[in-house]
Structure formats: C-alpha cells, structure tokens
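From a predicted model like this one, the values you see are computed outputs, not experimental measurements.
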Amino acid sequence: MRTCFVVEDAGWTGAARACADAAALLAARGDEPCLVAPAGSETERVLRDAGLDVVGSGAAGGWMRAAWRLRRVIAARLAEVVVVHGERAHLAAAAATRLAGRGVVLRRVPAGDALILGRDGRLAMRLADAGFVFSHADDVRGMTPPKGALAATLVPPGVAPPSAVATPRPGSSPAAVGAIRPDAPRLAVFTGADRRHETLLVLRTFALLAPRLPRLRMVVVAPTAERDALRLDAAALGVADRVDVRNASASRDVLLAGASLAWVVATSDDAVYAMLDALAEGLWVLAERTPLSARFVEDGTNGTLRHRSGEAEWASVIAAAMGRSGAAEATRAAARAAAARWPRSAAADGWSLALERARDRVRWTA
C-alpha cells in the first residue's frame, strides 16, 4: 500500500523515529511509504539521510492550510493511508483525505499515552474514516473506540540488535561496547522536551558525584531547543567541562559509545526508544518507576527503577551501579535479553495488520 507518514516535529523525537522505522520496515516488505516533514528541519534531514522518501512541507497556518498542503501530497503520491500523531494532525489529515477524495487516517497514540478525542478529533472522525494505533495493550484498556473507527491495532516499538548498528570505536573491541568500566565511567542521560526540572535533578546528582568519581563524565542526549539551557545549567553547577551535550538524532552507537550506564528521564516515545537502545547495547538502565518504564526495565535485573527521589538517593544508586564491574557480563546479557523481546519484526507485523484493516475502508472517488 501507499502510506504517508506525517511528522510535525521539526526536531528529532521518538515519534519521528517511530514513523521512520515504520516507513523503513514497510518499504522492506514491498510497500511504497513516504514521509512528510517540516521543510528544512532537522527531522527532514535525518529522514533523507536514512534514504527514505521525504516530502518537505511548510508549517505556517492552521489545520486547514495544513490540510491543503497534505492534499497535494496525497494526490501526487496516490496515498491510501495517512498516519499522524495528535488531534491537530488528525483533523488536518481527515480534511486532506476528504479534499483528495481518497484515503484513510491512522492516528498513532504515543507510547504510554491515553487517547484523547476532543472537539478536533470528533470533527476529524466525521470527515474521514480513521483507526488508532497503540504501542501496548495497556494503552488500549479502558478506551472506548469512537463510533465507526477501525479496530485498534497494536504496533509495539522495536529495536535492532547491537550487531546491526554497533560500530566499535578505534582501539576497542566489540565486546567492550556497553561494558561497565570503572576506570573510565560514562553516564548517558536521555531527556526530552518539557523535562527541565528532571534534567536539573540529573545535573545536581552529577555535581554530587563529581568529587567522589573524578573521572566520571556525562553525555546528555537532549532536543536541540533544550541544549543551550542545559549547558548553562551545567556551568552554574561547575560541571560544564565534564558534560557533553549531544543531539538525539545521532546514531545509537555514537550516543552510547563508552557508556557505563543509561539514565532515562524522557517520557513517552522518547523514553521508550532510549530504554530500548540502552538495553540493546547491554547497559544498566536507571529510570523513574512508571507503568511505561516497567514494561522494559526489570528492577534489579537489567536496571534500577525508583519512585520520585532526590539527588542524594540517585547519587547512591549510580555509585552502586558503577561498582557492579564484577557482574558486567551478566548485566549485559540481561539487558540484551530484555531488548530481544522487542524485535523490529513485531513492529513490521503490526503495521502490516493496521494497513490491511485500513484497506477495507479506502475509497477512491477521484
């Protein structure tokens, strides 16, 4: 089928990655997907670099202008299904398919989120046929499907095994990637938009650890819009020279090169892919205990989950984890076993099922 994935985020996010993965998986199965992304954005660049079919689009104006722009893409690519995130995108896509006289809308609900169908969503349901895609069965429980909607489809996130992406660093062996190395420890931190308070907690924790672990360094993976503020916060705490801020769009082996631990303070799709990447690389994962983090991290086996804690407790947790060098091989094995439960093939199967269900509703009137 011809599927159009609409990515509204200019900066690279977990939702953008979910669409990119879906497009790549469907293309490998013989489908013809394309992606729409903000023209000139980081997201457009990353998608093009991945060899995907990308259409750059303007972002100005309301949902109706977005619908007219998307209508042209639907007509040019003969798209049968449009995949979106969020209410505004749902409404724009529904209007676009109505204007184009063809197509069904699939709205993907970010991992761990509940489906919210407000005024825009209800209007969208009246304009065009639609279905909903979820990442986990827990996200579907308690949801009342809108009248006339396609059956909900589960499309779990997937992660590639380390052999498919890992690039050994000069002077290191593949087995060293992801190993806990107390002689040169490195903490990888994944944050996201609207997580300023949580990121400050991370920096304060690192400042507490810095005197005790003088060789410890920290890599913070953050959205482009958050990086300057993060550097200023690190400087205010006196640890700027030991904090490396990196962009989330970098490859997994670059972001996690030399990491000893991964601390995830992001939420939703950003958190999911951060945890899966870290586990696939054999890293011990630290995260706040939530229903979402508990899907991927088993406390005491492949990571540490804590309810809301202060920097002193987190500092103790990190110091203890850094001392697990004797159990490094068992730690890596447990982490990779957890990641193996989320294969990319399952995501491909989920998307194939979602598109097959949508096929029955596709109407061609022009």
Side-chain angles (χ1 to χ4, degrees), residues 1-13 15-24 26-27 31-48 50 52-110 115-133 146 148-150 155 269 351 354-355 357-359 361-366:
M1 291 186 71
R2 295 183 177 90
T3 308
C4 178
F5 292 86
V6 179
V7 184
E8 291 192 307
D9 300 319
W12 191 249
T13 63
R17 175 169 165 178
C19 290
D21 283 357
L26 291 172
D31 287 354
E32 300 177 53
C34 73
L35 298 105
V36 176
S41 67
E42 175 190 34
T43 297
E44 183 189 26
R45 175 185 59 78
V46 174
L47 294 173
R48 289 193 188 282
L52 298 170
D53 180 15
V54 187
V55 178
S57 179
W63 65 268
M64 198 62 207
R65 288 189 64 182
W68 276 105
R69 290 191 294 263
L70 184 56
R71 171 191 173 277
R72 290 194 292 269
V73 177
I74 293 172
R77 302 304 175 93
L78 301 179
E80 300 164 87
V81 178
V82 181
V83 180
V84 299
H85 290 80
E87 282 224 310
R88 177 188 178 277
H90 184 183
L91 179 55
T97 59
R98 184 70 171 261
L99 291 167
R102 66 193 70 187
V104 173
V105 180
L106 289 180
R107 176 171 160 185
R108 180 181 176 273
V109 180
L115 172 64
I116 297 176
L117 206 66
R119 183 179 61 183
D120 288 350
R122 292 191 297 271
L123 175 57
M125 291 299 300
R126 292 197 294 269
L127 291 176
D129 287 328
F132 299 91
V133 174
L150 281 71
V155 180
D269 291 325
W351 279 113
L355 296 182
R357 288 173 172 172
R359 187 193 301 273
R361 297 286 187 92
V362 174
R363 297 290 183 269
W364 298 83
T365 61

Visitor: Enter the distance from Phe5:CZ to Leu26:CG here, rounded to the nearest 0.5 Å.
Guide: 5.0 Å

Visitor: If we only count heavy atoms from C-beta on, is the Met64 to Leu99 side-chain gap below 4.5 Å?
Guide: yes

Visitor: Write down the atom of Leu35, the atom of Ala23, and the distance for their closest heavy-atom approach.
Guide: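 Looks like CD1-CB, 3.7 Å.
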
Visitor: Would you confirm whether Ser57, through its side chain, and Ala37, through its main-chain N or O, come within 3.5 Å as a donor-acceptor pair?
Guide: no

Visitor: What are the two closest non-hydrogen atoms of His85 and Pro110, and how far apart are they?
Guide: CD2-CG, 4.2 Å

Visitor: Kindly compute the distance separating CZ (Arg122) from CG (Leu91), expressed to the nearest 0.5 Å.
Guide: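 CG of Leu91 is found 12.0 Å from CZ of Arg122.
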
Visitor: Is Arg107 reaching over with its side chain to a backbone N or O of His90, donor-acceptor style, under 3.5 angstrom?
Guide: no

Visitor: Mind checking whether Val109 and Ile116 have side chains closer than 4.5 Å, heavy atoms only?
Guide: no

Visitor: Which pair of non-hydrogen atoms, one from Met125 and one from Pro146, has the smallest distance, and what is that distance?
Guide: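 Here Met125 and Pro146 meet closest at CE-CB, 4.0 Å.
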
Visitor: Looking at Glu87 and Gly121, would you say the former's side chain and the latter's main chain have a donor-acceptor pair under 3.5 Å?
Guide: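 Between the backbone of Gly121 and the side chain of Glu87 there is a qualifying donor-acceptor contact (under 3.5 Å).
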
Visitor: Would you say that Asp31 contacts Trp351 through its side chain, given a criterion of any heavy-atom pair below 4.5 Å between the two side chains?
Guide: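 Sidechains of Trp351 and Asp31: no contact.
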
Visitor: Got a donor-acceptor contact below 3.5 angstrom from the Glu42 side chain to the Trp12 backbone?
Guide: yes

Visitor: Would you say the side chain of Thr97 lies within less than 4.5 Å of the side chain of Val105, judging by non-hydrogen atoms?
Guide: yes

Visitor: Evaluate the side-chain proximity of Leu355 to Leu106: yes if any heavy-atom separation is below 4.5 Å, no if none is.
Guide: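 Leu106 reaches Leu355 side chain to side chain.
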
Visitor: Taking all atoms of both residues into account, what is the closest heavy-atom pair of Val55 and Val73, and its distance?
Guide: CG1-CG2, 3.9 Å

Visitor: May I ask you to test the Phe132-Leu115 pair for a side-chain heavy-atom distance under 4.5 Å?
Guide: yes

Visitor: Do Ile74 and Cys4 make a side-chain contact, defined as non-hydrogen atoms from C-beta onward lying under 4.5 Å apart?
Guide: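 The answer is no; the side chains never approach within 4.5 Å.
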
Visitor: Thr43 versus Glu8: any side-chain heavy-atom pair under 4.5 Å?
Guide: no

Visitor: Please check this pair: side chain of Arg77 against backbone of Cys34, looking for a donor-acceptor N/O pair closer than 3.5 Å.
Guide: no

Visitor: Taking all atoms of both residues into account, what is the closest heavy-atom pair of Ala18 and Arg108, and its distance?
Guide: CB-CZ, 3.6 Å

Visitor: Could you tell me which non-hydrogen atom of Arg98 sits nearest to which non-hydrogen atom of Leu127, and how far apart they are?
Guide: NH1-O, 3.2 Å

Visitor: To the nearest 0.5 Å, tell me how far Arg2 CZ sits from Asp53 CG.
Guide: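 Between Arg2 CZ and Asp53 CG, I get 11.5 Å after rounding to 0.5 Å.
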
